[in-house]
Protein chains: 2
Amino acid sequence: MKKVAVVEDEVYMREELCSILNKAGYAAFEVTTFENATEQLIALSPDLVILDLNLPETSGFQICRDFKRKTSIPILVLTSRDQMADELQALRLGADEYLTKPCRKERLLARIANTLKRYEGRTNLLEGKGFLLDRTTYTLYINNTSVVLPRNQGKLLEALLSAGEHLVTSEQLCIALWDTAEFIDENALHVNLTRLKKTMANLGMKQQVVTVRGLGYRLETENAP
Amino acid sequence: MKKVAVVEDEVYMREELCSILNKAGYAAFEVTTFENATEQLIALSPDLVILDLNLPETSGFQICRDFKRKTSIPILVLTSRDQMADELQALRLGADEYLTKPCRKERLLARIANTLKRYEGRTNLLEGKGFLLDRTTYTLYINNTSVVLPRNQGKLLEALLSAGEHLVTSEQLCIALWDTAEFIDENALHVNLTRLKKTMANLGMKQQVVTVRGLGYRLETENAP
DNA sequence: TCCCAACCTTACACCAACTGTAAGTGGTGT
DNA sequence: ACACCACTTACAGTTGGTGTAAGGTTGGGA
């Protein structure tokens, strides 16, 4: 059953929403304190967030941006603010839908279902500069096409990618590959790195693996020519 | 530059839209005859389609369904029909956005940008009941996880899926597998089908392969228990 | 009821792709 | 110039996908 988080300060509205969601077969969770709403949401890790914009103590916009920066969970903004500027702002900050109150429950449910559908399978995607990586299958999406990376190359790219563009030591990479660093096989690691570099180059990826002599490796974004 | 197709019968509206799109940095393409609109769209393969519902000779709903069955390109419905029933119907048939005319261009552009962003990397996904299939790599997305199908199983599932739930003959499946039906190897086909059935069962998929004796195969959706 | 064709299952052997090994090359700092 | 680290390449073992073939089931017509 899909989890939906409801971030709304007005009690009656919140309960009404939860009731609708539960009847429609979702598991609804209420967020009732807002100063650390983003952390609460991350801890809850729902499949979708319904977010009001007018909140006490903080702004819905703020939550929207913070949450989207850390997750790829969809956000549906449901608000009484009907100014276009608000809508544009919310969409720009990463909201996936923007509905204004009052909103009939059929429309709300249809939009929720629609949004969830489009996020199907998107849960395990890691985001790189100009590409996406599925951490489960190591399918790489780039330039409107996709390739399945060999397992080792996938693991390496995942390890590098989840470090942002920070340095990753050989040891960490060994653990990523073989779940142990006891008997580090530097050679095998280098071979696998070479292979990854080659396939990334062949795909024309914007990010490339850079070695930091004596320390480890990191991803680096190519400068525009 | 992203390609946007405009399916709209009213000349003034169409040109206006294209002008807005071009100014915003998209490459706009007009569709002006509608009886084979789906084929035209497929041939064009834009990054997004703007679709009117009231068209001569055919229905926007029809186009929406047909197009979504064959591609995973996003559709933004832009129509003067403001009845909720129309909106629900469009969303159910696979539309990604539903805007009613008149619509300010800022809102339209914001929604377009938003939709395109969320479709990044998803261009080759075929949609099944409760799962998605990447036609390039045969990565299967189901239940918040993903698996890469062996190539033959992927080809078979792709062939079955793109026929909706209609019948597919052995001959068609052979062509899908080996690009020829000259020397049909019924046996090898059956073995591959068995394998596909087994992996689908193991994944607990809602759709399953049903054989129609003497005619061929088709996908069937399991009834709820 | 029996029979035959269509279909399914299973096991096995071939083949392609990925992986680690190992030997040899390049390049960087002292 | 040397030592050390990093890279490249080739090769062989392993794994997993595929077609083949043989035997088992199913279903509809005589």
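Both backbone and side-chain heavy atoms feed into the values below; hydrogens, waters and symmetry mates do not. In what follows, chains are A, B, ... by sequence order, proteins preceding strands, each numbered from 1.
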Does dT9(C) have its OP1 or OP2 closer than 4.0 Å to a side-chain nitrogen or oxygen of Thr194(B)? yes
Output the single nucleotide from dC7(D), dG27(D), dT19(C) whose closest atom is nearest the side chain of Arg213(B). dG27(D)
Measure the shortest side-chain to side-chain distance between Lys2(B) and Leu48(B) over non-hydrogen atoms and say whether it is less than 4.5 angstrom. no
Does a donor on one side chain sit under 3.5 Å from an acceptor on the other, for Thr139(B) and Thr139(A)? yes
Using only modelled atom types and a 3.5 angstrom limit, is any donor from either the side chain of Arg151(B) or the base of dG16(D) paired with an acceptor on the other? no
Round to the nearest Å and state the distance from Asn187(B) atom CG to dA6(C) atom C1'. 12 Å
note: Leu189(A), atom CG; dT8(D), atom P; distance rounded to Å ~ 13 Å
Counting side-chain heavy atoms from CB outward, which of dC7(C), dG19(D), dT9(D) is closest to Glu186(B)? dC7(C)
If only side-chain N and O atoms of Trp178(B) are considered, is one of them under 4.0 Å from the OP1 or OP2 phosphate oxygen of dT18(D)? no
I need the CG-P distance between Asn192(B) and dG19(D), as an integer number of Å. 5 Å
Please state whether the phosphate of dC7(D), meaning OP1 or OP2, lies under 4.0 angstrom from any side-chain nitrogen or oxygen of Tyr217(A). yes
Can you work out whether Val191(A) or Gly216(A) has the more 5'-proximal nearest nucleotide on DNA chain D? Gly216(A)
